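Notes follow the structure.
Values below: all heavy atoms of this structure, side chains included; hydrogens, waters and symmetry mates excluded. Please read all numbers here as calculations on a predicted model, not as lab measurements.
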Amino acid sequence: MAAHNELGKEGEEIAANYLQAQGYIIRHRDWHSGRRDLDIVAEKDKTLIIIEVKTRRNTEYGNPEEAITNKKIRHIIASTDAYVKKYEIDLHIRFDIITIIGTKPPFQIEHIEDAFLPPVWNHS
């Protein structure tokens with residue numbers, strides 16, 4: 001596995017542990033819908049939380065959350081739609097980002113709640 005993939009998997013593990021310590025229930029990790037995926041799907045306070053995890057060794061090339069483009073957001077929304085339909089979810093949905101910076105503990109962890117909203121689709 002490439003080093004950046006290993007770092008990403010480690011970041012998801014750190015994020016899941018962080019969320020559980022904050023009282024979140026982890027429903028799925030690395031959930032796939034076709035070629036798209038959701039890093040972490042959690043639940044807390046009757047809300048389904050979709051968490052995108054971005055892990056970086058440092059901020060030399062910018063902050064991790066800057067890697068989440070509009071295209072990535074559209075993919076997350078499409079995957080969330082598939083998830084909600086598959087599991088017949090009837091909860092409020094929130095989209096968060098967790099960024100993790102570092103190569104060894106203690107990592108710098110930032111949890112950005114309500115990081116983005118689903119775009120308004122123009123169906124005309």
Side-chain angles (χ1 to χ4, degrees):
M1 182 180 291
H4 71 278
N5 288 339
E6 289 178 18
L7 184 65
K9 290 294 174 205
E10 184 178 3
E12 288 179 21
E13 182 74 24
I14 293 163
N17 291 340
Y18 166 85
L19 289 166
Q20 287 174 318
Q22 302 299 314
Y24 289 76
I25 297 164
I26 305 297
R27 294 177 58 110
H28 288 97
R29 288 176 47 185
D30 199 26
W31 185 84
H32 285 268
S33 171
R35 294 178 12 183
R36 298 182 180 137
D37 75 316
L38 298 173
D39 291 343
I40 298 175
V41 181
E43 191 175 328
K44 185 176 182 183
D45 301 328
K46 298 183 182 176
T47 300
L48 186 75
I49 301 112
I50 309 301
I51 300 109
E52 178 67 13
V53 180
K54 288 296 177 197
T55 308
R56 298 290 183 267
R57 286 175 170 53
N58 55 51
T59 57
E60 183 178 343
Y61 297 106
N63 293 321
E65 65 272 20
E66 294 168 3
I68 302 174
T69 63
N70 286 334
K71 181 178 179 181
K72 179 65 176 171
I73 289 171
R74 285 193 302 274
H75 289 183
I76 293 168
I77 300 301
S79 295
T80 300
D81 186 54
Y83 185 92
V84 166
K85 287 176 181 169
K86 178 174 176 126
Y87 296 104
E88 300 177 357
I89 305 290
D90 186 24
L91 296 170
H92 175 74
I93 300 171
R94 187 177 87 204
F95 298 93
D96 292 3
I97 298 171
I98 291 184
T99 64
I100 298 166
I101 300 171
T103 56
K104 60 182 191 263
F107 295 95
Q108 180 183 333
I109 300 172
E110 183 179 5
H111 184 179
I112 305 165
E113 295 184 8
D114 280 317
F116 56 87
L117 298 172
V120 177
W121 303 110
N122 184 356
H123 295 288
S124 55

Nearest heavy-atom approach of A15 to I100 is N-CD1, 3.9 Å
Note: A16 and I40 closest approach over all heavy atoms is N-CD1, 3.8 Å
With sequence neighbours left out, the residues meeting ring-ring contact (aromatic ring centres under 6.0 Å, His included) with H32 are none
Minimal heavy-atom distance between R94 and T47, with the atoms involved, is CB-CG2, 3.9 Å
K54/E66 salt bridge by N-O under 4.0 Å criterion:
no
Shortest non-hydrogen pair, Q22 vs K44, comes out as O-NZ, 2.7 Å
Apply side-chain contact (heavy atoms from CB on, under 4.5 Å) to residues Q20 and I26 and explain how you reach the verdict.
CA-CA 7 Å; Q20 287 174 318; I26 305 297; 3.6 Å; yes
Test side-chain contact (heavy atoms from CB on, under 4.5 Å) on T80 and F95; report intermediate values, then the result. CA-CA 10 Å; T80 300; F95 298 93; 3.4 Å; yes
Check your understanding: Is there a chain of hydrophobic side chains (I, L, V, M, F, W, Y, each step under 4.5 Å between heavy atoms) that links I77 to I112?
Key -> yes
Here the gap from I51 atom CD1 to E12 atom CD, rounded to the nearest 0.5 Å, amounts to 10.5 Å
Distance col, row E65:CD vs E52:CD, nearest 0.5 angstrom, shows 12.0 Å
K46 and L91 have their tightest heavy-atom pair at O-CD2, 3.6 Å
To the nearest 0.5 Å, atom NE2 of H75 lies from atom CG of N70 at 11.5 Å
Determine whether T99 and N63 make a side-chain contact, defined as any pair of heavy atoms from C-beta on separated by less than 4.5 Å. no
N58 atom CG: more than 12 heavy-atom contacts under 6.0 Å = yes
CA sep, side-chain torsions, deciding dist, call: I68, I97, side-chain contact (heavy atoms from CB on, under 4.5 Å): CA-CA 9 Å; I68 302 174; I97 298 171; 3.3 Å; yes
Q: Measure the shortest side-chain to side-chain distance between D96 and H111 over non-hydrogen atoms and say whether it is less than 4.5 angstrom.
A: yes
Shortest non-hydrogen pair, L38 vs S79, comes out as CD2-CB, 3.6 Å
Sequence neighbours excluded, the answer for side chain to side chain contact (heavy atoms under 4.5 Å, CB included) partners of R27 is V41, E43, L48, Y83, Y87, I89
Check your understanding: How about E110: does its CD atom have over 12 heavy atoms from other parts shown lying under 6.0 Å from it?
Key -> yes
Check your understanding: Honestly curious: do F116 and I50 fall in one hydrophobic cluster under the side-chain, below-4.5 Å linking rule?
Key -> yes
*Without swapping roles, check the side chain of D37 against the backbone of W31 for a donor-acceptor pair under 3.5 Å.*
no
Task: Side-chain heavy atoms of F107 within contact of T55, under 4.5 Å - done: no
Check your understanding: Are Y18 and I101 connected, step by step, through hydrophobic side chains (Ile, Leu, Val, Met, Phe, Trp, Tyr) whose heavy atoms are closer than 4.5 Å?
Key -> no
Inset, instruction - Check step by step if side-chain contact (heavy atoms from CB on, under 4.5 Å) holds for L19 and I98. - result: CA-CA 10 Å; L19 289 166; I98 291 184; 3.8 Å; yes
Distance col, row R29:CZ vs K9:NZ, nearest 0.5 angstrom, shows 8.5 Å
